[in-house]
Asks: 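If you scroll down you'll find the structure; I have some questions about it.
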Amino acid sequence: MSLFLLKAKDRYQQGSGGVTERTRLLSEISEELEKVKQDMEEKGSSMTDGAPLVKIKQALTKLKQEITQMDIRIGVVEHTLLQAKLKEKSNMTRDMHATNIPETTIGGY
């Protein structure tokens, strides 16, 4: 009977070791499955989440406002430059007329 018990005990230990190994493997697979489920849930929620789209729309609106402000600034600078050119031209014309000596005064010398 002792030999029978030893064999039974040996088979039990082998079976028990197999169960332990399979339990460990099941635990690893379950952890990996949970990670995959969590990743899928995050991706799914980000796909249905409109926050990135809202941020993009806000950025576009801000860019349009900045472009409008820059257009106004460019217009002001162009106007100032045109006024300066016209003033310079007016001054040059006035100076040209002022330096012309009338012919009647030339003959008088």
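Here the structure is a predicted model, which means the values were calculated and not measured.
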Asks: Could you work out the complete set of other residues in the hydrophobic cluster of Leu53, with links drawn between I, L, V, M, F, W and Y side chains under 4.5 Å apart?
Replies: none
Asks: Other members of the hydrophobic cluster containing Ile74, with the 4.5 Å side-chain heavy-atom rule, please.
Replies: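 Members besides Ile74: none; it forms no cluster.
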Asks: Which ILVMFWY residues can you reach from Leu25 by hopping between side chains whose heavy atoms are under 4.5 Å apart?
Replies: Ile29
Asks: Would you mind telling me which of Gln38, Lys37, Glu32 makes a side-chain contact (heavy atoms from CB on, under 4.5 Å) with Glu34?
Replies: Lys37
Asks: Using distance only, find each side-chain donor-acceptor pair of residues 81-93 under 3.5 Å and give its atom names and separation, not counting sequence neighbours.
Replies:
unit_1 : atom_1 : unit_2 : atom_2 : d
Asn91  : OD1    : Arg94  : NH1    : 3.3
Asn91  : ND2    : Lys87  : O      : 3.4
Thr93  : OG1    : Lys89  : O      : 2.9

Asks: Any chance you could measure Leu33, atom CG, to Leu26, atom CG, to the nearest 0.5 Å?
Replies: 10.0 Å
Asks: Hydrophobic clusters join Ile, Leu, Val, Met, Phe, Trp and Tyr when side-chain heavy atoms are under 4.5 Å apart, directly or via other members; which others share one with Ile56?
Replies: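 For the cluster that includes Ile56, the remaining residues are Leu60.
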Asks: In the structure I gave you, are the side-chain heavy atoms of Lys9 and Gln13 within less than 4.5 Å of one another anywhere?
Replies: yes
Asks: Show me the pairs that pass salt bridge (Lys or Arg N to Asp or Glu O under 4.0 Å) and involve residues 11-29, at least two apart or across chains.
Replies: Glu21-Arg24, Arg24-Glu28
Asks: I need the full list of salt bridge (Lys or Arg N to Asp or Glu O under 4.0 Å) pairs touching residues 56-82, with sequence neighbours left out, sorted by first then second residue.
Replies: none
